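One structure is given here, and the rest of the page talks about it.
Everything numeric here is computed off the predicted structure, so don't read it as measured data.
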Amino acid sequence: MPAFVLGNSMGGGLALRLAAERPEKVSGLILTSPGGAQMTMEELQSFLARFDMSNRRNAVAFLQDLYHRPPFYISMASWDLQRVFGRPWLVRLIRSFRPEHLLSPNHLQSLSMPVLL
């Protein structure tokens with residue numbers, strides 16, 4: 001039975017890919033800030049470099065970029081962000097992304113189910 005699929009950020013990109021490749025499994029999509037837009041290799045490498053949390057300075061900069069007015073606790077939260085993004089499986093996943101993994105306009109045009117953004 002087809003399901004409604006909800007996805008945010010990278011999960012939104014995965015939901016879109018599922019809907020494009022297996023439309024019989026998806027009756028509708030609910031997406032919040034879906035990731036996965038088509039990019040060149042250079043653009044993708046620049047984007048993925050933002051997820052390098054190998055030092056605390058990068059983690060703090062990443063969190064500061066997320067907020068218009070960064071909250072006072074960013075310095076404390078950066079430790080946890082660095083720990084989470086330093087997990088070997090996540091580092092390997094991020095480094096494995098290639099332009100062919102991203103969604104093309106043709107993928108999006110092929111969707112036949114309702115999509116709520």
Step by step, work out the side-chain contact (heavy atoms from CB on, under 4.5 Å) result for Leu29 and Leu111. CA-CA 10 Å; Leu29 290 169; Leu111 299 177; 4.2 Å; yes
Between Leu66 and Leu48, is there a shared hydrophobic cluster once you connect ILVMFWY residues whose side-chain heavy atoms come closer than 4.5 Å? yes
Interatomic distance, OG@Ser112 vs CD@Glu24, rounded to 0.5 Å, equals 10.0 Å
Tightest non-hydrogen contact, residues Met76 and Phe72, listed as CE-CE1, 4.1 Å
Worksheet item: Is it true that a side-chain atom of Asn8 and a backbone atom of Gly11 form a donor plus acceptor pair closer than 3.5 Å?
Response: no
Verify same cluster id: Phe47, Leu103 (apolar side-chain graph, 4.5 Å):
no
Do Leu6 and Val115 sit in one hydrophobic cluster, given that two such residues count as connected whenever their side-chain heavy atoms are within less than 4.5 Å of each other, even indirectly?
no
For Ala20 and Ser110, the nearest pair of non-hydrogen atoms, with its separation, is CB-OG, 4.1 Å
Closer than 3.5 angstrom, by distance alone: can the side chain of Arg56 be matched with the main-chain N or O of Met53 as a donor-acceptor pair? no
Can a donor-acceptor pair be found between the side chains of Asn106 and Ser104 at a distance below 3.5 Å? no
(message) Is there a side-chain contact between Ile30 and Val5 in this structure, where contact means two heavy atoms from C-beta onward sitting under 4.5 Å apart?
(response) no
Quick one: does Glu43's side chain have a donor or acceptor within less than 3.5 Å of a partner on Thr40's backbone? yes
For Leu81 and Ala59 the tightest heavy-atom approach is CD2-O, 3.8 Å
Rounding to 0.5 Å, atoms OG (Ser9) and CG (Leu31) come to a distance of 11.5 Å
**Request:** Answer yes or no: is there a side-chain heavy-atom contact under 4.5 Å between Val26 and Phe4?
**Result:** no
Following the transitive rule for hydrophobic clusters with a side-chain heavy-atom cut-off under 4.5 Å over Ile, Leu, Val, Met, Phe, Trp and Tyr, establish whether Leu102 and Leu14 coincide in one cluster.
no
When every non-hydrogen atom of Pro99 is compared with those of Met39, the smallest separation belongs to CB-O, 3.5 Å
| 4.5 Å side-chain heavy-atom contact, Pro105 and Gln38 | yes
Heavy atoms of Val91 and Phe85 approach each other most closely as CG2-O, 3.3 Å
*asked:* I'd like to know if the side chain of Arg17 reaches the main chain of His107, judged simply by a donor and an acceptor atom lying under 3.5 Å from each other, with no hydrogens or angles considered.
replied: no
- Task: Examine Leu117 and Leu18 and state if one hydrophobic cluster contains both, with Ile, Leu, Val, Met, Phe, Trp and Tyr joined whenever side-chain heavy atoms are less than 4.5 Å apart.
- Result: yes
Between the CD atom in Gln64 and the OG atom in Ser75, the distance rounded to the nearest 0.5 Å is 9.0 Å
Taken to the nearest 0.5 Å, the spacing of Asn55 CG from Gln82 CD works out to 6.5 Å
Rounding to 0.5 Å, atoms OH (Tyr67) and CD1 (Ile74) come to a distance of 6.0 Å
With the side chain counted from C-beta on, respond yes when Asp65 and Pro70 share a heavy-atom pair under 4.5 Å apart, and no when they do not. no
Rounded to the nearest 0.5 Å, the CG atom of Leu44 sits from the CZ atom of Phe97 at a distance of 8.5 Å
Review point. Heavy atoms, side chains only, cut-off 4.5 Å: are Val84 and Arg87 in contact?
Key: yes
